[in-house]
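To start, the structure under review is shown below, and the notes come after it.
Below, each value reflects all heavy atoms present in this structure, side chains not excepted, and no hydrogens, waters or symmetry copies. Every chain is numbered from 1 and lettered A, B, ... according to where its sequence line falls, protein lines coming before strand lines.
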Amino acid sequence: MTGRQIITDAQNTWCPGCGNFSIQHTLKNILTEREEAGKSLDDVVLVSGIGCHAKIADYLNINSFYSIHGRTIPVATAIKLGNPRLTVICCSGDGDSYAEGLDHLIFAAKRNIDITVIIHDNRVYGLTTGQYTPTSPLGFKGKSTPSGTAEYPFNPVELMLASGASYVARGYTKNMNLLHNLISEGIAHRGFAFIDVLQICATFFPAADYYTPRVYELSDHDRTNFESACKKAREWDYNSDSPIALGTFFQRSLPCFDDTMTVHGIEPKDRQQAVRDLLLTRS
Amino acid sequence: MTGRQIITDAQNTWCPGCGNFSIQHTLKNILTEREEAGKSLDDVVLVSGIGCHAKIADYLNINSFYSIHGRTIPVATAIKLGNPRLTVICCSGDGDSYAEGLDHLIFAAKRNIDITVIIHDNRVYGLTTGQYTPTSPLGFKGKSTPSGTAEYPFNPVELMLASGASYVARGYTKNMNLLHNLISEGIAHRGFAFIDVLQICATFFPAADYYTPRVYELSDHDRTNFESACKKAREWDYNSDSPIALGTFFQRSLPCFDDTMTVHGIEPKDRQQAVRDLLLTRS
Amino acid sequence: MKNVSVLIGGKAGDGINSAGALVAQLLNHIGYNIYLYFDYPSLIRGGHNFAIIRGSEQSIGTCWKTLDFLLALNRETLEQHRDNCSSDTAIIFNADLVKSAGQGIPVKEILTDEHAPAIMGNSAIIGGFAKAAGIEWDVVEGVFKSYIPKGVELNLKVAKRAYNQLETVHPVSKGSRSPCPLLTGNEAIGLGMVNGGLDVYVSYPMTPSSSLLHFLAEQKEKFGIMVVHPENEIAVILMALGLAYTGKRSAVGTSGGGFCLMTEGLSLAGMAELPLTLVVSQRTGPSTGLPTYTGQSDLHFVLHAGQGEYPRLIVAPGDAVEALYWSAVAMNMAWKFQVPAFILSDKTLSEGTYSVDPAAVSDVRGADSPRWAGTAPYFRYADVPSGVSPLAFPGTKDAVIKVNSYAHDEAGITIEDAHTVGQMTEKRLRKGELLTEEMRGYTGVNVSGMHDASTALFCWGSTKGVCNEIAALLGLRVVQPVVLSPFPTEQLKKAIAGVRSLISVEENATAQLAALAERHGIIADEKILRYDGRPFLPDDLLVKVKEMMI
Amino acid sequence: MKNVSVLIGGKAGDGINSAGALVAQLLNHIGYNIYLYFDYPSLIRGGHNFAIIRGSEQSIGTCWKTLDFLLALNRETLEQHRDNCSSDTAIIFNADLVKSAGQGIPVKEILTDEHAPAIMGNSAIIGGFAKAAGIEWDVVEGVFKSYIPKGVELNLKVAKRAYNQLETVHPVSKGSRSPCPLLTGNEAIGLGMVNGGLDVYVSYPMTPSSSLLHFLAEQKEKFGIMVVHPENEIAVILMALGLAYTGKRSAVGTSGGGFCLMTEGLSLAGMAELPLTLVVSQRTGPSTGLPTYTGQSDLHFVLHAGQGEYPRLIVAPGDAVEALYWSAVAMNMAWKFQVPAFILSDKTLSEGTYSVDPAAVSDVRGADSPRWAGTAPYFRYADVPSGVSPLAFPGTKDAVIKVNSYAHDEAGITIEDAHTVGQMTEKRLRKGELLTEEMRGYTGVNVSGMHDASTALFCWGSTKGVCNEIAALLGLRVVQPVVLSPFPTEQLKKAIAGVRSLISVEENATAQLAALAERHGIIADEKILRYDGRPFLPDDLLVKVKEMMI
Ligand SMILES: Cc1ncc(C[n+]2csc(CCOP(=O)(O)OP(=O)(O)O)c2C)c(N)n1
Ligand SMILES: Cc1ncc(C[n+]2csc(CCOP(=O)(O)OP(=O)(O)O)c2C)c(N)n1
Ligand code: SF4
Ligand code: SF4
Ligand SMILES: [Mg+2]
Ligand SMILES: [Mg+2]
């Protein structure tokens, strides 16, 4: 299909001012560019979890697997294993992949499966109306913690570095140029690409006034240097006040799981012969 | 109970030469010391997962919760929340807490719940007869990967540092003095203590000949310095050949989850009044 | 007029739920029993939300299709609910956004005049409604003062402006009962569990159970309970079991997908004999399904979830009063028999609002397992005749308390020999028999309507409300098992004595209650099923039941 | 002699399983049908392992208590199995460790003389057994050459020494059938799935399913399949669904506890209509239970697992031949109807070894869903009359393929309106009806024994073997439903026509098959249950059945 309408007719139900619009818009532009570059959109698959972020599966007119809460990544991993020719993009939430299904995220990084994971990190459960997530700051007053959480957030960028991710970046929905570059790079990166996107939740965590003066784009940063990636990653801990680096923290090249797992299928009739041969060895 | 027999009469079914004996012996000694110091063993609870390691719950004659595969840590967390006076020790496997239930481990670190987690890291699923785990080296030929794994191991020490653990150490079942110190320290540490123990699996991963010449004890290391903890942690990546540091990588003091979550219970009759009062506000 | 029905509708974010609650309180305060149904899609702002508030002199648990009042905050409300209007329906609307017959309120003008913020627009609508219904101003004033947390004076000014502008077109006569507490099903479950001794509530948010988490989190200091929201549902149930091990009465709450993740822990509870209370609030499945709509399609799943065999209690209350009572019972039975006890709810019950007689609050805590006498050694799984081994909790002097997910001996040590396995299985089965025996002492099957009618509606959970209403109209019997496991076969047989036509009314596609009853020798003759996420309405059900009766 | 029974026992780590397999091959090569039962505790070294190998001219699937030969590698074997010995039992033992009547083999001496390593001790025992049973040396030689991977010559020397030292005390006459392949139930399931088109097997190890993972991993290049062992069972099932989405025929395998973790993904498969084959091999529950022992207590869990309602296929083969056949059928039905298809096994079947006629291997792949015709737009959930929407896979030109866990429209876009929800629910139900229809074309209920007997043993899964044996002795009928969902009510009614006493024989405590049948109007008159982790033995069952028949 060429020149396809990239946005479906599904009614968009995000709140006015929601940062998800920026992510959708960015993906739309990237898909358009891809088509313009002569690459088919038929080979792109979007996988999402459950949450506000995940509605993007309804809105983008491309192949999609609208999965269940927290399980975006094993689905995406398997789609890549099932057909390595596909470009697989995961849109996941912070509740989704940092709480419910954190283990899958870490294993995807460990395996270096060639998928691109975009975390719509609004630091809150949006769709279930505002509870804290693993990136909410200490003391966050959500509906399940009306007197404030008792937990520090973890730093997903740091965690991903420790897990062996081969592309690690942070974006912000109010910096769409950079977001475009990061997601494009992530898709182009051969291996596991992780992008934590500070996504504004207009309703439950409207943090733009906090982020905007603090964010800056990484420059003069050697993305191939793991130590300095860690250092930059730790500058902001998702809790204390400090400058917030945006951009690519780290990138390196490693063998991909989808490559090393590749199987050479055999013809049905050869299979049946293989079964018969196996039986012979048992009699 | 004083002077209690610390080992039960249950038949021990570990293989000859198994490193689990060293861990059991160390715990036995620590418990004995505890008793000798006048502290009751009635306040100690051991929580285990499922696997060879977990059989320790049958063997130590103390309170125990022999849980299910991968779920050691939420049980232990809750026992501490339920009764903060208890000393809670988790014996878990690498399959248990690095694969099946990794998320719980990270959240326990994040929350700084005051429990001590000992990972019997034999780098293999022992009880299910020898499959790779997240710390098995790349190319490990286990029963589920007869032609070798396609995954690098992750580094649990690094992961725990990134997750906010407040006590992070590595032991070795062939260095029982150190093991004794680390576990004692872990228990004494107020907050989440993590000890990755390189445990020899005599049957499926007999790595003593590999470890013994490479291990060394950390000295001249400032355990309060996070950066150098990370550096030391990264020296050996559970895959490539390098010296293997043993000892305490990191320790710091942080508020504990069990403290911040503490509730002041109220009397049953006051509760009923509270229910009545609540109803009044709704009529 | 003995019955009044009000619909208020607008966009998500318009505060329809709280506006609905105010309308409900107005009707409560003029002497009616209340039922409120809240309908909303799975989104945060926009879309179409509505609440139907019904007042009746009878105790009620369902809506009626035809409305007395339609309060339209936007045009969509009018369009979507035309079918619910008759020529008698009084339509009150925001004149800035809607054109319609009926009485418009110039909301923007009122707000501007009063220097009030936009969110106070609903007060104008409610003020207008009060006038249209002929509700006295001091009732409005009283209700606003009790239920508006902030800026009540300004809200009252806004309401009064609308009140003064509108006509009383559809006077609602006063009812005869005195105002009583209004509770959602989830609130009632929460209070019931607190009454049953709840110490810790552990939950991961999932509609339609989340409002229970929010309610208990909000009230936790008041009740002296701990509320924990962990990383996922697997942690939830394992934490609850860890807490039970320390002697804390814990409960978990979730819906279908989250419950899936709890099934392994459930089986552990069965084997380790750890008391556990589970609230499972059903929504439309399978999978994510319709998160904010109702369903009754998880009964068999809950009945059989978890590998292996072990006794469990399942109660499915039909309204908030039952929820209050049975939740306490469930908590107690979990502890008395060291078994999992389920409170099976559905979206209609969990998020619907009901009038609750405060007399329904009684202290039902008390039931508990025997405690260890203190003579060491302690046997956690002592094979006593009842099957219920005495409890001790860690920290008890001289007790070594070993719980175990493996087959184990009386001391809790793993064993593999056939004899002990059989023995301990039988011990657990005996607890099941004892639980069955115990539940015979409770009214596990409610019978209402005409007790000697030969046609009976056979229902469970929230559909009780609509069945009662139809039964009253048609002179039928209603048979509603509240206890679903252990199945109250004898009580049920008694309850249907003389019934020639048993009609199962369920919100699922496979008639799960009927299937369960069939396994116990009780056959439903007819089935009326609905599986589109919406609760039965009396109007529709009436037609269907009549068809069956021809 | 038409029947021969051999027990070999020793410590875990002594290689009892492979020694047992060699004995089985010896009997196979002298013309017997084989059944091998392997009994081991959950530990790696030490403890007591034993294998019972039975040869018979009939096709068999159970052990017999009384032994013809007892091969004791250690003293415990002798002690534990005294009860299985009669005065005719030939006892052969390692004379270094055991003192007993019978014939001792000086294993250490032989090994020393032959400069053979300790692990070759078993060859001495097997050689001794061969002689005691009068099996010709060239049979031993042939079997050793085929089945001993390393050092066969030295092993033969060791065996020959023992062979020469012992007497033929219990000659086993030759049977009449030609040697045929021996397969474990898990191997048969694996091969059946490969025949049914398996592309990828995804599994996390869990006894008694692990040996299927190991087998397929070992053979993956040969069959051109991928084998993935992910971080946990949740990932397992979600990966399988991701693979199915790309058109790969995927299967998962696990046991009860792991299956718990898959239930949420299962419900997703139901809603998203993704084909999926699941192998669930039961062990003794609840919870961790007895990991290496058997059970049949997860039937109802598997029947109802996952929130919401959606059709599923469940087949429970009774032996390896059935496993080979039905696993291929399950894989095909999953794809033909886009539903989850279960192969429900148990430890006895999964880890038992059976003779399999190679003619049983037929290419049953073929069944599949219709494919998209290629005219855009593509509707993943096209509401076609059959309910089975044509498939397309990502990468197909012009197809936008949207699968969704939410209620959705034909294009796969989330919807919440009552009409579409009802419509799509009915579409899924129609698939269920079609599946029911399809399965009528299969023999879903096996009848064996005396077809017109008025007493029938009613069983499922591996207990088929023992029931057949008893039925032959007592002249009874055996009725064994292999398809358990959709329940083959009509076939079953036919199968029990004329039965006056239907005796359910199950390895669980609540008679789950009987309960299922009851829901379909078929009542078991009696129940014989075993729930200690051990399979029924004919000797014991015989007594129990006779009691029932009085
Ligand atoms: C197993 C399970 N548990 C809980 C839920 C309820 N649920 C739906 S979305 C959501 C949170 C989503 O948070 P996040 O991933 O941050 O997405 P956001 O809405 O913020 O974009 C939850 C808890 C669910 N669908 N499934
Ligand atoms: C949910 C679940 N999946 C799988 C298993 C099977 N199982 C038991 S122990 C084990 C692995 C244990 O490995 P590890 O934690 O490393 O312990 P080890 O035996 O090496 O000490 C597995 C997979 C299980 N009991 N439960
Ligand atoms: S709740 Fe937050 S994340 Fe969800 S749609 Fe609204 S603004 Fe966006
Ligand atoms: S298999 Fe390994 S870990 Fe398990 S008991 Fe034996 S040596 Fe120890
Ligand atoms: Mg979020
Ligand atoms: Mg291990």
Side-chain angles (χ1 to χ4, degrees), chain A residues 1 4 8-10 40-45 47 50 55 57-58 61-83 85-86 88 101 103-104 106-107 110 261-272 274-283, chain D residues 28 146 179-183 187 191 194-195 197 199-200 202 219-226 228 230-232 234-236 238-243 245-248 250 264-265 268 272 356 358 361 363 365 376 393-406 408 411-414:
Chain A
M1 204 187 276
R4 93 164 60 167
T8 65
D9 297 331
S40 168
L41 296 191
D42 295 330
D43 294 332
V44 181
V45 181
V47 184
I50 297 294
K55 295 183 174 186
D58 280 338
N61 187 33
I62 54 174
N63 297 313
S64 63
F65 191 128
Y66 202 153
S67 160
I68 53 178
H69 181 51
R71 312 306 168 190
T72 334
I73 289 174
V75 171
T77 300
I79 291 172
K80 188 70 188 177
L81 286 178
N83 184 351
R85 281 189 311 102
L86 300 173
V88 183
D103 39 359
H104 309 305
I106 291 174
F107 277 87
K110 171 182 189 295
M261 291 290 283
T262 300
V263 182
H264 296 285
I266 61 175
E267 292 300 301
K269 69 165 182 7
D270 296 337
R271 273 175 163 238
Q272 223 187 309
V275 170
R276 293 233 164 75
D277 291 348
L278 190 280
L279 285 180
L280 281 182
T281 69
R282 299 298 164 93
S283 59
Chain D
N28 183 27
S146 302
C180 77
L182 304 187
L183 291 180
E187 288 169 341
L191 295 177
V194 169
N195 265 341
D199 293 308
V200 189
V202 196
Q219 306 296 336
K220 66 178 195 281
E221 277 90 18
K222 206 169 287 167
F223 298 140
I225 59 173
M226 190 187 288
V228 191
E231 60 272 29
N232 56 31
I234 299 178
V236 166
L238 272 296
M239 284 194 183
L241 296 179
L243 285 158
Y245 174 68
T246 69
K248 297 291 181 208
S250 58
E264 197 193 5
L268 168 59
V356 174
V361 184
D363 185 14
R365 168 155 190 163
F393 306 116
T396 305
K397 195 164 166 319
D398 293 348
V400 177
I401 303 152
K402 296 184 107 62
V403 297
N404 196 340
S405 73
Y406 275 98
H408 46 255
I413 303 272
T414 307

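- Taking D:Lys402 as the reference, A:Ser64 meet the side chain to side chain donor-acceptor pair (under 3.5 Å) condition, with sequence neighbours excluded.
- With a 4.5 Å cut-off on non-hydrogen atoms, D:Glu187 touches chain A through its side chain but not through its backbone.
- Contact of the D:Val194 side chain with the A:Arg271 side chain is registered, since non-hydrogen atoms from C-beta on lie closer than 4.5 Å.
- For A:Leu86, the part sitting under 4.5 Å from any heavy atom of chain D is the side chain, from C-beta outward, and nothing else.
- No other option in D:Cys180, D:Gly242, D:Pro181 has as many heavy-atom pairs under 4.5 Å with chain A as D:Pro181.
- Residue D:Leu183 touches chain A through its side chain alone, counting heavy-atom pairs closer than 4.5 Å.
- Atom CG in D:Asn28 sits 12.5 Å away from atom CZ in A:Arg282 (nearest 0.5 Å).
- Residues D:Met239 and A:Ala78 share a closest heavy-atom pair of O-CB, 3.0 Å.
- Ion pairing between A:Lys110 and D:Glu231 fails under the 4.0 Å rule for side-chain N and carboxylate O.
- Between the CG atom of A:Asp277 and the CZ atom of D:Phe223 there is a distance of 9.0 Å, given to the nearest 0.5 Å.
- For chain D, the nearby part of A:Ala57 is the backbone; its heavy atoms alone come within less than 4.5 Å.
- The main-chain N or O of D:Thr414 is found under 3.5 Å from a side-chain atom of A:Asp58 such that the two form a donor-acceptor pair.
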Take D:Val228 and A:Met261 through the side-chain contact (heavy atoms from CB on, under 4.5 Å) test and state the conclusion after the steps.
-> CA-CA 9 Å; D:Val228 191; A:Met261 291 290 283; 3.8 Å; yes

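- Here the straight-line distance linking atom CG of D:Leu238 with atom NE2 of A:His104 works out to 6.5 Å at 0.5 Å rounding.
- Heavy atoms closer than 4.5 Å to chain D are found in the side chain of A:Val45, but not in its backbone.
- In terms of heavy-atom pairs under 4.5 angstrom with chain A, the leader among D:Asn232, D:Thr396, D:Leu243, D:Val356 is D:Leu243.
- Of the atoms belonging to D:Tyr245, it is side-chain heavy atoms, and not backbone ones, that fall under 4.5 Å from chain A.
- For D:Lys222, the parts sitting under 4.5 Å from any heavy atom of chain A are the backbone and the side chain alike.
- For chain A, the nearby parts of D:Asn404 are the backbone and the side chain; heavy atoms of each come within less than 4.5 Å.
- With a 4.5 Å cut-off on non-hydrogen atoms, A:Thr8 touches chain D through its side chain but not through its backbone.
- Both the backbone and the side chain of A:Phe65 come within contact range of chain D, with heavy atoms under 4.5 Å apart.
- With a 4.5 angstrom heavy-atom cutoff, A:His264 touches chain D only via backbone atoms.
- Annotation: ring pair (Phe, Tyr, Trp, His ring centres under 6.0 Å) contacts of D:Tyr406 (sequence neighbours excluded): A:Tyr66.
- With respect to chain D, the highest number of heavy-atom pairs below 4.5 Å among A:Thr77, A:Leu81, A:Leu278, A:Asn83 belongs to A:Leu278.
- When A:Ile73, A:Ile62, A:Asp43 are compared by the number of non-hydrogen pairs under 4.5 Å with chain D, A:Ile62 comes out ahead.
- Proximity to chain A involves both the backbone and the side chain of D:Ser405, based on heavy atoms less than 4.5 angstrom apart.
- If you measure heavy-atom distances from A:Ile106 to chain D, you find no contacts under 4.5 Å at all.
- At a 4.5 Å heavy-atom cutoff, the contact between A:Ser67 and chain D is made by backbone and side-chain atoms alike.
- Interface check for chain D: of the options A:Val44, A:Asp103, A:Ile68, the most heavy-atom pairs under 4.5 Å are formed by A:Ile68.
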